[in-house]
Amino acid sequence: MTGRHARGLLLRLAGPLQSWGTHSKYLWRDTARFPTRSGVVGMLAAGLGRERGAALDDLTALSMTVRVDRPGVVLSDYHTVGGGLPADEKVITASGKRRSEETGTLASKRHYLADASFTLALTSDDADLLHACAAALRDPYWPLFLGRRSCPPEGPVLLGAVEDPLHHLVRLPLAAKRPHGGPRPIDFYSDRPLGVLPVDSDAPHQGDGDHRSGEVTDEPLSFAPLERQYRTRPLYRRAVRLPEAAYGGFGTGYLEKLRAYIDTCCVAPERSAP
């Protein structure tokens, strides 16, 4: 069982666009407001070089906690497919036939998060698994992307390996400027109760994080192209007012603060038992 003081990896997911689908189907592609377990597990599987139908049991055993540094804004993209193609290259229908000239162009709506930034803690008692995941994130077999192939990360995803990752998840510099009027509540999302977050104060109206805020169907069982399967898992949410010093700002100022913290607190993962 993964507890507060387990070993873990710290990740940074940021880029111009991200898209973490939850109910996407056919011509409508949505996005969650924070990274999904299926999206992060898929990113790890890509980095490890696993085929689509490969087992995921070890990766889904990782616990994931997300800190929302910047929620971003939802961007809707009008997208078309199949227009202007010759008759023998038009989109295939469910019956296996080619679409006609009149119905050859398909219009879809795709949603993204623009200018969002998240910090993640992946925790486990399996030191070998963490070592393999860290190596895959540093030198991925296949390219990493933020939920969709058109959304590459803006920089290295892996920040480092640490003991007691939730401690560092609360203290890593925020990729945001301090809001006018003082610090705002920062959202944390997890598959485990969040009452263990090591914080001094929180937003009282959001509760203690030990009670489920809902359920999401984003636990992957298989990524096989024709047999994708997901199961429902609990979602815990907690909003915390971090101190003003936690806000790292943007640009080089933020990156310098992040680098200073990483150099002091994060280490390369080892294969030895925790």
Side-chain angles (χ1 to χ4, degrees), residues 1-13 20-22 32 34-67 118-142 144-147 157-169 188-198 209-210 212-224 227-238 266-274:
M1 182 175 179
T2 301
R4 169 180 165 183
H5 297 289
R7 178 174 293 180
L9 304 179
L10 296 172
L11 280 59
R12 176 174 176 260
L13 303 183
W20 308 97
T22 56
F34 53 90
T36 59
R37 279 184 61 80
S38 58
V40 174
V41 169
M43 182 171 62
L44 294 172
L48 290 164
R50 296 190 183 180
E51 299 294 334
R52 286 280 186 174
L56 300 170
D57 293 351
D58 57 340
L59 298 180
T60 56
L62 291 164
S63 180
M64 183 178 88
T65 303
V66 178
R67 187 186 75 182
F118 306 95
T119 306
L120 275 65
L122 299 179
T123 59
S124 174
D125 296 321
D126 188 338
D128 287 336
L129 175 62
L130 291 175
H131 182 92
C133 289
L137 292 173
R138 283 195 303 267
D139 185 18
Y141 187 91
W142 284 308
L144 307 179
F145 47 87
L146 305 179
V157 169
L158 179 66
L159 296 179
V162 294
E163 300 289 344
D164 195 1
L166 293 185
H167 169 89
H168 297 287
L169 186 62
F188 290 77
Y189 295 94
S190 183
D191 46 40
R192 304 287 175 89
L194 284 169
V196 297
L197 276 179
D210 279 336
R212 296 186 183 188
S213 65
E215 294 182 336
V216 287
T217 306
D218 70 347
E219 181 84 39
L221 298 175
S222 172
F223 287 135
E227 299 178 356
R228 293 188 180 185
Q229 298 180 45
Y230 304 88
R231 65 185 169 203
T232 300
R233 55 97 176 178
L235 177 67
Y236 296 87
R237 175 175 177 260
R238 187 176 181 186
C266 299
V267 298
E270 301 293 342
R271 287 187 177 276
S272 57

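Start at 1 with the first residue, then count along the sequence.
The minimum heavy-atom distance linking Leu56 with Ala45 is given by the pair CD2-CB, 4.4 Å. Pairing each heavy atom of Leu10 with each of Pro165, the nearest pair is CD2-O, 3.9 Å. His168 approaches Glu163 most closely through the heavy-atom pair CD2-O, 3.5 Å. Between Ala132 and Leu48, the closest heavy-atom pair is O-CD2, 3.6 Å. Closest of all the heavy-atom pairs between Cys133 and Leu59 is SG-CD2, 3.9 Å. When all heavy atoms of Leu9 and Ala134 are compared, the pair lying nearest together is CD1-N, 3.9 Å.
Without hydrogens or angle criteria, Asp210 side chain to Pro193 main chain gives no donor-acceptor distance under 3.5 Å. Between the side chain of Thr65 and the backbone N or O of Ala121, no donor-acceptor pair lies under 3.5 Å. Checked by atom type and distance alone, the side chain of Arg50 pairs as donor or acceptor with a backbone atom of Ala55 at under 3.5 Å.
From Leu130, atom CG reaches atom CZ of Arg7 across 7.5 Å, with rounding to the nearest 0.5 Å. Remark: Arg37 CZ to Leu122 CG distance equals 8.5 Å, nearest 0.5 Å. Atom CD of Gln229 is separated from atom OG of Ser222 by 6.0 Å, given to the nearest 0.5 angstrom.
When side chains are defined from C-beta on, Tyr189 does not count as touching Leu194, because their heavy atoms never get closer than 4.5 Å. Inter-residue side-chain proximity for Leu197 and Phe188 is flagged as met; some heavy-atom pair is nearer than 4.5 Å. For the pair Leu120/Pro35, a side-chain contact is recorded, criterion being any heavy-atom separation below 4.5 Å from C-beta on. Residues Ser38 and Tyr230 have side chains in contact (heavy-atom distance under 4.5 Å, counting atoms from C-beta outward). A heavy-atom distance below 4.5 Å is found between the side chains of Met43 and Leu11. Residues Phe34 and Phe118 meet the side-chain proximity criterion, which asks for heavy atoms closer than 4.5 Å. Inter-residue side-chain proximity for His131 and Leu129 is flagged as unmet; no heavy-atom pair is nearer than 4.5 Å.
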Review point. Side chain to side chain contact (heavy atoms under 4.5 Å, CB included) between Leu169 and His167: does it pass, once the steps are laid out?
Key: CA-CA 6 Å; Leu169 186 62; His167 169 89; over 6 Å; no
Point to revise | Worked verdict on Arg52 versus Arg228 for side chain to side chain contact (heavy atoms under 4.5 Å, CB included) | key: CA-CA 9 Å; Arg52 286 280 186 174; Arg228 293 188 180 185; 3.4 Å; yes
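For Glu51, the CD atom is loosely surrounded, since the number of other residues' heavy atoms within 6.0 Å does not exceed 12.
Annotation: side chain to side chain contact (heavy atoms under 4.5 Å, CB included) contacts of Glu215 (sequence neighbours excluded): Arg212, Thr232. When the side chain to side chain donor-acceptor pair (under 3.5 Å) test is applied to Thr119, the partners found at least two apart in sequence or on another chain are Arg67, Asp69. The side chain to side chain donor-acceptor pair (under 3.5 Å) search around Asp218 returns Arg233, not counting sequence neighbours.
Partner of Leu62 under the side-chain contact (heavy atoms from CB on, under 4.5 Å) criterion, chosen from Asp191, Asp126, Val40, Leu44: Leu44.
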